[in-house]
Amino acid sequence: MIQIDYLRKKGHRITKQRKLVYDLIQKKPITADEIHFLLKKQGQRINLASIYRSFDFFITYKIIREINFLDGKKRYERVGNEKHHHHLICRICGLVEDIILINEYALLNEINTIKNFAVDHHSMEFFGKCQNCQ
Ligand SMILES: [Zn+2]
Ligand SMILES: [Zn+2]
């Protein structure tokens, strides 16, 4: 992956451990516990603390980001190739879906008009029931 190569070029050591964690963080937000479980299934012994340290490393270099869904669990997803999107979170089954909002520009424009505030970053999560759970 480009991002990993970039870090290597900058002289950072990508340990096997970091690589394993990185490979499990994809577009879909995932928790440390889930990664821990998946690694165990792969026969990898990496403790939670190490997983969190890998997260910190990747967050520092903006390779991944932390997302807070207000359910007390921190999730992580890759930054980068994907288009700017938001999340739909099902309160019943926990399904997380991405959504790209076409009219978002109008909303940001409105904020700028009302408050003369130049937004350069935001995140929005929408909670409810997915199709299956309705
Ligand atoms: Zn947005
Ligand atoms: Zn659901």
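Order of appearance sets the numbers: ligands from 1, and atoms from 1 within every ligand.
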Taken by chain and residue number, the protein N/O/S atoms under 2.8 Å from the Zn ion (ligand 2) read Cys90 SG, Cys93 SG, Cys130 SG, Cys133 SG

- salt_bridge(Arg75, Glu66) N-O dist < 4.0 Å: no

Just checking: His122, one of its N/O/S atoms, less than 2.8 Å away from the Zn ion (ligand 1), yes or no?
yes

Ring-plane angle category for Tyr61 and His12, please: parallel below 30°, perpendicular beyond 60°, tilted otherwise. tilted

* Examine His121 together with His84 and report whether their ring centres are nearer than 6.0 Å. => no

From the list His36, Arg18, Gln17, side chain to side chain contact (heavy atoms under 4.5 Å, CB included) partner of Ile51 resolves to His36

Can you tell me if Gln134 has over 12 outside heavy atoms packed within less than 6.0 Å of its CD?
yes

For this session: For the pair Glu97 and His85, evaluate side-chain hydrogen bond (donor to acceptor under 3.5 Å, both in side chains) and give the outcome as yes or no after the intermediate values.
Result: CA-CA 10 Å; Glu97 255 190 294; His85 64 270; over 6 Å; no

For the Zn ion (ligand 1), angle spanned by His86 NE2 and Glu104 OE2 (nearest 10°) is 110°

side-chain hydrogen bond (donor to acceptor under 3.5 Å, both in side chains) pairs touching residues 109-118, sequence neighbours excluded, are none

